[in-house]
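Let me begin by presenting the structure, written as structure tokens, before commenting on it.
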Amino acid sequence: SSKESGRNRYNFYSASMNQKALMRMETEAGLRNALERREFYVEFQPIMNAADSTVVAAEALVRWNHPTRGRIPPDQFIDLAEETGLVVPLGEWVLRTVCSRIKTWSDAGLPLIRFSVNVSSRQIERQDFAEIVRNALRESGANSAQLEIELTESCLIRHSDTNISDLFGLKEWGVSFAIDDFGTGYSSLGYIKTLPIDHIKIDRSFVRDISTDFHDQAIVEAIIAMSQRLGIRNIAEGVETIEQVRFLQERGCEEIQGYYFHRPLSAEALEELLRAQEN
Ligand code: C2E
Ligand code: MG
Ligand code: MG
Ligand code: MG
């Protein structure tokens with residue numbers, strides 16, 4: 001009967017909700033030990049100069065190699081790491097890992113490209129965040145001009161002026177700043193007027209249908225034009241096809257990141273790519 005199938009459906013849903021809650025608890029418990037068990041690692045996605053397709057930067061993207069579930073993408077654990085505060089030690093670990101790579105690769109004579117690190121709101125709300133970055137730079141001996149911090153728009157509006165000006169004090173050290181997922185956050189454009197932003201990353205949701213959707217074309221053209229007038233370099237994210245590349249090149253997009261050129265790479269694969277570029 002329909003009553004019975006209704007009950008079955010209810011049981012099914014409640015079972016799957018329990019499953020979800022269990023999964024979440026298991027993920028959270030696992031996250032707590034993952035750092036000391038060395039289950040995290042960092043991949044690097046190359047960012048290309050749009051004009052000549054050379055690698056000018058790489059974005060550091062964290063991955064979790066779970067002992068039983070295998071490789072878990074950040075979309076499945078970063079939110080939880082933020083809620084639990086675990087993103088603070090995790091973020092510091094990513095930062096230190098990237099700084100030590102910057103140092104070894106520059107010592108090895110590889111091209112001095114920029115390395116960007118995603119930073120979460122929870123990290124910035126800590127008063128000692130800028131200090132953590134300075135320590136990571138100092139202790140690794142990394143060239144601070146090679147380090148970029150990626151922030152989201154919501155991250156900027158959520159914080160006090162003191163925190164933000166402290167954070168941007170890192171500019172004096174040569175650290176640069178990018179706005180990630182530009183155009184998707186809740187924000188006025190006000191911060192662009194007042195903060196020394198170096199790069200705007202055009203969110204991939206605007207890039208995806210750029211060859212066919214005239215709304216997306218208008219938005220991307222406007223972001224490129226605005227960033228150029230303001231002297232902020234622009235980066236298009238999520239570029240997967242040659243049509244997207246051509247559209248962006250013709251509109252004066254400066255840097256391109258996406259599967260069309262490279263997926264996120266292991267440190268070894270990036271090193272090989274940089275070596276090949278040098279010769
Ligand atoms: P994000 O910072 O916007 O990073 C770009 C994401 O887009 C990456 O996903 C990358 O693999 C993916 N991507 C790049 N090119 C393409 C493309 O052509 N097509 C498609 N479909 N996707 C592309 P990933 O690595 O899964 O990271 C997801 C998000 O997790 C990141 O988005 C970032 O918000 C967060 N995240 C990653 N690493 C860290 C970290 O160390 N700390 C913090 N706080 N967040 C991180
Ligand atoms: Mg990013
Ligand atoms: Mg992004
Ligand atoms: Mg994102």
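Residue numbers count from 1 along this sequence. Atoms within a ligand are numbered from 1 in the order they appear, just like the ligands themselves. Quantities reported herein were computed from a predicted structural model and do not represent experimental measurements.
When heavy-atom distances to ligand 1 are checked against a 4.0 Å cut-off, Val117 has no atom that comes that close, whether in backbone or side chain. With a heavy-atom cut-off of 4.0 Å, Asn118 touches ligand 1 through backbone and side chain alike. Neither the backbone nor the side chain of Leu90 has a heavy atom within less than 4.0 Å of ligand 1. Contact annotation: for Ile78 versus ligand 1, heavy atoms closer than 4.0 Å belong to the side chain alone. With a 4.0 Å cut-off on non-hydrogen atoms, Arg204 touches ligand 1 through its side chain and not its backbone. Residue contacts with ligand 1 for Asp180 involve side-chain atoms from C-beta outward but no N, CA, C or O (heavy atoms, distance under 4.0 Å). Only the side chain of Gln45 comes within contact range of ligand 1, with a heavy atom under 4.0 Å; no backbone atom does.
Here the Mg ion (ligand 2) is the vertex; the OE2 atom in Glu59 and the OD1 atom in Asn118 give an angle of 90° (to 10°). Expressed to the nearest 10°, the angle at the Mg ion (ligand 2) joining OD2 in Asp180 with OE1 in Glu150 is 90°.
Enclosure of atom CZ in Arg126 is not indicated, since only 12 or fewer non-hydrogen atoms of other residues, nucleotides or ligands lie within 6.0 angstrom. Heavy atoms of other residues, nucleotides or ligands lying less than 6.0 angstrom from CE of Met226 number more than 12. Surrounding CG of Asn33 are more than 12 heavy atoms belonging to other residues, nucleotides or ligands, all under 6.0 Å away. In the displayed structure, Arg69 atom CZ is contacted under 6.0 Å by more than 12 heavy atoms of other residues, nucleotides or ligands.
The Gly258 neighbourhood of ligand 1 comprises atoms 15 (N), 18 (O), with distances under 4.0 Å to a heavy atom of that residue. Below 4.0 Å from some heavy atom of Val94 lie the following atoms of ligand 1, by number and element: 41 (O). Contact atoms of ligand 1 toward Glu237: 3 (O) (distance under 4.0 Å to a heavy atom of the residue). Close approach of ligand 1 to Val239 (heavy-atom distance below 4.0 Å) involves ligand atoms 18 (O). Interface atoms of ligand 1 facing Ser120, defined by a heavy-atom separation under 4.0 Å, are 44 (N).
The distance from the Mg ion (ligand 3) to the nearest N/O/S atom of Asp203 is not under 2.8 Å. Here Asp181 reaches the Mg ion (ligand 3): one of its N/O/S atoms is less than 2.8 Å from the metal. Note on Ser116: not counted as a metal contact of the Mg ion (ligand 2), no N/O/S atom lying under 2.8 Å.
At least one N or O atom of Val62 sits closer than 3.5 Å to an N or O atom of ligand 1. Checked against a 3.5 angstrom limit, the closest N/O atoms of Glu59 and ligand 1 fall inside it. At a 3.5 angstrom cut-off on N or O pairs, Glu240 counts as close to ligand 1.
Distances from ligand 1 to the non-hydrogen atoms of Pro264 include at least one value under 4.0 Å. Using a 4.0 Å heavy-atom cutoff, Glu43 is absent from the residues neighbouring ligand 1. Proximity of Arg63 to ligand 1 is established by a heavy-atom distance of less than 4.0 Å. Residue Gly238 places a heavy atom under 4.0 Å from ligand 1.
Counting heavy atoms from C-beta on, the side chains of Arg138 and Trp173 come closer than 4.5 Å.
Between the side chain of Glu255 and the backbone N or O of Asn49 there is no donor-acceptor pair closer than 3.5 Å. Proximity of a side-chain donor or acceptor of Gln123 to a complementary backbone N or O of Ser120 within less than 3.5 Å is detected. At distances below 3.5 Å, at least one donor-acceptor pair connects side-chain atoms of Glu153 with backbone N or O atoms of Gly185. Side-chain N or O atoms of Gln244 include one that pairs as donor or acceptor with a backbone N or O of Thr241 at under 3.5 Å. Judged by distance alone, the side chain of Asp213 and the main-chain N or O of Asp216 form a donor-acceptor pair under 3.5 Å.
Trp105 and Phe44 have perpendicular rings, their planes meeting at more than 60° on a 0 to 90° scale where under 30° would count as parallel.
A donor-acceptor contact under 3.5 angstrom links the side chains of His199 and Glu148, judged on distance only.
Taking Phe247 as the reference, nothing meets the ring pair (Phe, Tyr, Trp, His ring centres under 6.0 Å) condition, with sequence neighbours excluded.
Within Glu237, OE2 is the N, O or S atom that lies nearest to the Mg ion (ligand 3).
Residues Gln257 and Pro46 share a closest heavy-atom pair of CG-O, 4.0 Å.
Ring to ring, Trp64 and Tyr41 are not that close: their centroids are 6.0 angstrom or more apart.
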